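First the structure, in the form of structure tokens, and then the observations on it.
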Protein chains: 2
Amino acid sequence: MSPDNKELKEVGLKATHPRIKILQVLEEESQHHLSADDIYRRLHERGMDVGIATVYRVLTQFETAGLVCRHSFDAGPALYELNRGDHHDHMVCVDTAEVVEFQSDEIETIQRRIAAEKGFDLIGHSLVLYVKPNNK
Amino acid sequence: MSPDNKELKEVGLKATHPRIKILQVLEEESQHHLSADDIYRRLHERGMDVGIATVYRVLTQFETAGLVCRHSFDAGPALYELNRGDHHDHMVCVDTAEVVEFQSDEIETIQRRIAAEKGFDLIGHSLVLYVKPNNK
DNA sequence: CTAATTGCAAAAGCTTTGCAGCGCA
DNA sequence: TGCGCTGCAAAGCTTTTGCAATTAG
């Protein structure tokens, strides 16, 4: 059994053709952050005629199962990326739309403290930095 | 001339009825964070039959003029609030949808440093904490 | 075999746009 | 008066949903 099949079974999803292929696209793309439509078009380029509704449904299931992370960067479509277990945030270049990942324990700690100060427990967060190439 | 008229003129917008009323709703609402549709409904409650298209157009103009800030909290409609000149971020309670504002120079400083480390200048950011009431 | 999954098409939710008429400066 | 602004309706874009047909285990 292929590793993808196994991954799907482990989270309780049938190893169907569309699900396996969507997982492959997410694994193989050098561009880690893909919209549902990006994935839909990649599949069709490869001769897989999967419906866009299926792409959305599968991505939602994958997110619930913890296989992918979904991000809403401002307006526009949501972007999905494989969950590699390493939590990170993103900076988006306003010129090129390039997405760079980063990680900061420092910020996470401060967030938890701020939430506590207001009487809350931190469940999660969404942090996006909008940046421009540093031209020096 | 009313203060609202003045505010509008100062940013180069004609002091029209819809614009004045939308500004008033934003000023008077104790709930600072309103969607275009929230504002639309508040206006109609007050007998002002402004079109929803106008609400969107005016809010976009207000944002461009720096009069309001627009936030995309995850999915759902964008929320607008009056720009009182004090930059702040938000935490949203996942139980009650309550929105609490907070400010952290510490986080801003770290953000600038992280952007610089990756070769970028920080232009802006979006930070939302998702929280739950701290039940102790 | 049978419950889960899929594709299609239609609809939903938010936002923008074209256009003819109205209103502020 | 003239250009900007407005309301309406239609369209755009992303995402969800109903349903009959298909498929995995």
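Within every chain, numbering begins at 1; the chains are lettered A, B, ... in the order of the sequence lines, protein sequences first and strands thereafter. Being a predicted model, the structure only gives us computed values, none of them experimental.
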Could you check A:L82 against A:E27 for side chain to side chain contact (heavy atoms under 4.5 Å, CB included), going step by step and ending with a plain yes or no? CA-CA 7 Å; A:L82 228 44; A:E27 282 165 352; 3.4 Å; yes
Expressed in angstrom and rounded to an integer, what is the separation of B:I52 atom CD1 from D:dA10 atom P? 17 Å
Counting only heavy atoms not in A:H44, do more than 12 sit closer than 6.0 Å to its NE2 atom? yes
Going by atom types only, do A:R19 and A:Q61 share a side-chain donor-acceptor pair under 3.5 Å? yes
A:H17, NE2 atom: more than 12 neighbouring heavy atoms under 6.0 Å: no
In whole angstrom, give the distance that lies between atom CG of B:L8 and atom C1' of D:dG4. 14 Å
Report yes if a side-chain nitrogen or oxygen of B:R57 is closer than 4.0 Å to either non-bridging phosphate oxygen (OP1 or OP2) of D:dT6; otherwise report no. no
Figure out the CG/C1' separation between B:L79 and C:dT15, and round it to whole Å. 14 Å
From C:dG7, D:dT6, D:dT15, nucleotide with atom closest to A:P77 side chain: D:dT15
Length of the NZ-C1' vector between A:K21 and C:dT6, whole Å: 17 Å
d(NZ, A:K6; C1', D:dG25) in whole Å: 18 Å
Euclidean distance, atom NE2 of residue A:H17 to atom C1' of C:dA4 [Å, nearest integer]: 17 Å
Note: for A:G76 and B:P18 on DNA chain D, the residue whose nearest nucleotide lies more 5' is B:P18
Residues A:E10, A:K6: salt bridge by 4.0 Å N-O rule: yes
Of B:A53 and B:L13, the one whose nearest nucleotide on DNA chain C sits closer to the 5' end is B:A53
Distance in angstrom units between B:D49 CG and D:dT6 P, rounded: 15 Å
Can you tell which of C:dT5, D:dC8, C:dC24 lies closest to the side chain of B:T16? C:dC24
Report yes if at least one side-chain N or O of A:Y56 is closer than 4.0 Å to OP1 or OP2 of D:dT15; otherwise report no. yes
Taking the nucleotide of DNA chain D with the closest heavy atom to each, which residue, B:K14 or B:M48, is nearer the 5' end? B:K14
For a quick check of understanding: with a heavy-atom distance under 4.0 Å over all strands, which category does A:A78 fall into, base, sugar-phosphate or nothing? sugar-phosphate
Expressed as a whole number of angstroms, how long is the span from A:R70:CZ to D:dT14:P? 13 Å
